Amino acid sequence: MNNSTETQTKSGFDFGKIVSKLGPLLALIVLVIIVSALNTSFLGINNIMNLLQQVSINALIAFGMQFVILTGGIDLSVGSILALSGAITAQLIVSGFSPIVAFLIGAACGAVFGALNGLLIAYGGAAPFIVTLATMSVYRGLTYVLTNGNPITGPAMNDSFSFQFLGQGYLFGIPFQVYLMVLGFAVFYVLMHKTAFGRKTFAIGGNEKAAFVAGVKTKRILIWIYVIAGFLAAIAGLVLTSQLGSAQPDAGTSYEMDAIAAVVLGGTSLAGGKGKMSGTLIGALIIGVLNNGMNLLGISSFFQQIVKGIVILVAVLLDRKQAKN
């Protein structure tokens, strides 16, 4: 009798563990089925390509955000970094710089902005929420100063094949930015799960003081983590600028919320120390399907904000419940 009970308990535990691991994927599948049933055009090839374009930008930001959240931190400035890096790149192109050179400078600027966040957090001793809330305002303000509140565009951008191709080009029938998303996923999956840097990131999230005592140079790792977040936000900014054909001063507004939602929905703990890159990709797909589905169903953008807010709240509550268990 005891053996039977033990077997059932063990079986139930295993079942719960499997459901916990596959939760985000199951949620994505259910969401796709529901949206497809409500609107048959959802599975059309044109809509799928449009969906992947939308997801790729959020996924790139979310990959960087996951490193930050794994340490128990948060980065609210990524949307502003996206806008500022895109504006710098566009300004360089219209000023006569080669688009390739402008891309490299724009991406490097994003990494520098991220490094500033990391330095303030690691050596300033301030909470990530406060630091990145402040730099979010600073970077957005700099974007408005650089653009004078107007979009940056010009013939040099519209006539450049490389600039147009980044956000509007197709390769073998698939948007080029989707390849960037897949490449970003592969690179940062390996960095997170297969390298010493990744193990140290998880260690800091689990217990930063213990990691320091164990010999992890926590401040250096933290700085590099925010560099990654800034760099990926900048890459997303370059893609969005190319997609729009101009640098918009308000680009990336609230993108940090979609990125955080993707990470949390993917199973990464807000307390840090737990998460998978594959989960974040699935989380980004969930957010993308949710946005795309609501657009197809003609749901007002105001109600969409409410729905996304509820989804994030539910994900956070589930995360806290799992943390207690």
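Excluded from the calculations below are hydrogen atoms, water molecules and symmetry mates; all remaining heavy atoms, backbone and side chain alike, are included. Since this is a predicted model, take the numbers as computed values, not measurements.
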Visitor: Counting distance only, does the side-chain N/O of His193 pair as donor-acceptor with the main-chain N or O of Lys276 below 3.5 Å?
Guide: no
Visitor: Should the ring pair Phe67 and Phe188 be called parallel, tilted or perpendicular, given that the plane angle runs from 0 to 90° and is split at 30 and 60?
Guide: perpendicular
Visitor: Does atom CZ of Phe212 have more than 12 heavy-atom neighbours, drawn from other residues, nucleotides or ligands, at distances under 6.0 Å?
Guide: no
Visitor: If the test is side chain to side chain contact (heavy atoms under 4.5 Å, CB included), which one of Ile69, Thr268, Val264, Leu265 qualifies with Thr280?
Guide: Thr268
Visitor: Would you say the side-chain atoms of Ser242 pair up with the backbone N or O of Leu238, donor to acceptor, closer than 3.5 Å?
Guide: no
Visitor: Once you round to the nearest 0.5 Å, how far does CD1 of Ile57 lie from CG of Asp258?
Guide: 11.0 Å
Visitor: Determine, stepwise, if the pair Phe63 / Ile228 fulfils side chain to side chain contact (heavy atoms under 4.5 Å, CB included).
Guide: CA-CA 9 Å; Phe63 294 156; Ile228 290 171; over 6 Å; no
Visitor: Say whether, by atom type as modelled, one donor and one acceptor occur between the side chain of Ser80 and the main chain of Met136 under 3.5 angstrom.
Guide: yes
Visitor: Hey, does the side chain of Ser160 reach the backbone of Met157 with a donor-acceptor pair shorter than 3.5 angstrom?
Guide: no
Visitor: With a cut-off of 6.0 Å (strictly less than), are more than 12 heavy atoms of other residues, nucleotides or ligands near NZ of Lys308?
Guide: yes
Visitor: Can Lys219 be said to sit on top of Tyr123's aromatic six-ring, NZ or CZ under 6.0 Å from centre and within 45° of the ring axis?
Guide: yes
Visitor: Can you list everything that forms a side-chain contact (heavy atoms from CB on, under 4.5 Å) with Thr71? Sequence neighbours excluded, please.
Guide: Thr201, Ile204, Leu222, Ile225
Visitor: Atom OG1 in Thr241, atom CZ in Phe103: separation rounded to 0.5 Å?
Guide: 8.5 Å
Visitor: Taking a hydrophobic cluster as the set of Ile, Leu, Val, Met, Phe, Trp and Tyr residues connected by side-chain heavy atoms closer than 4.5 Å, whether directly or through intermediates, do Tyr255 and Tyr144 fall within one such cluster?
Guide: no
Visitor: Could you give the distance from CG (Leu43) to OG (Ser36), rounded to the nearest 0.5 Å?
Guide: 3.5 Å
Visitor: Got a sec: does the CZ of Phe97 have more than 12 other heavy atoms crowding it under 6.0 Å?
Guide: no
Visitor: Would you say the side-chain atoms of Asn148 pair up with the backbone N or O of Asn150, donor to acceptor, closer than 3.5 Å?
Guide: no
Visitor: Backbone N or O of Gly149 within a donor-acceptor pair of the Thr147 side chain at under 3.5 Å?
Guide: yes
Visitor: Distance only, no hydrogens: is a donor on one side chain within 3.5 Å (strictly under) of an acceptor on the other, for Thr89 and Gln91?
Guide: no
Visitor: Is it the case that Gln168 and Gln177 place a side-chain donor and acceptor less than 3.5 Å from each other?
Guide: no
Visitor: State yes or no: are the ring centers of Phe176 and Phe165 separated by less than 6.0 Å?
Guide: yes
Visitor: Can you list every side chain to side chain donor-acceptor pair (under 3.5 Å) pair that touches residues 102-122, not counting sequence neighbours?
Guide: Ser77-Asn117, Asn117-Thr135
Visitor: Verify, without hydrogens or angle tests, whether Gln304 (side chain) and Ile299 (backbone) share a donor-acceptor contact under 3.5 angstrom.
Guide: yes
Visitor: Begin from the C-alpha positions of Asp250 and Arg140 and carry the test salt bridge (Lys or Arg N to Asp or Glu O under 4.0 Å) through to its verdict.
Guide: CA-CA 8 Å; Asp250 58 352; Arg140 183 65 64 180; over 6 Å; no
Visitor: Okay, side chain of Asn295, backbone of Asn291: is any donor-acceptor separation there less than 3.5 Å?
Guide: yes
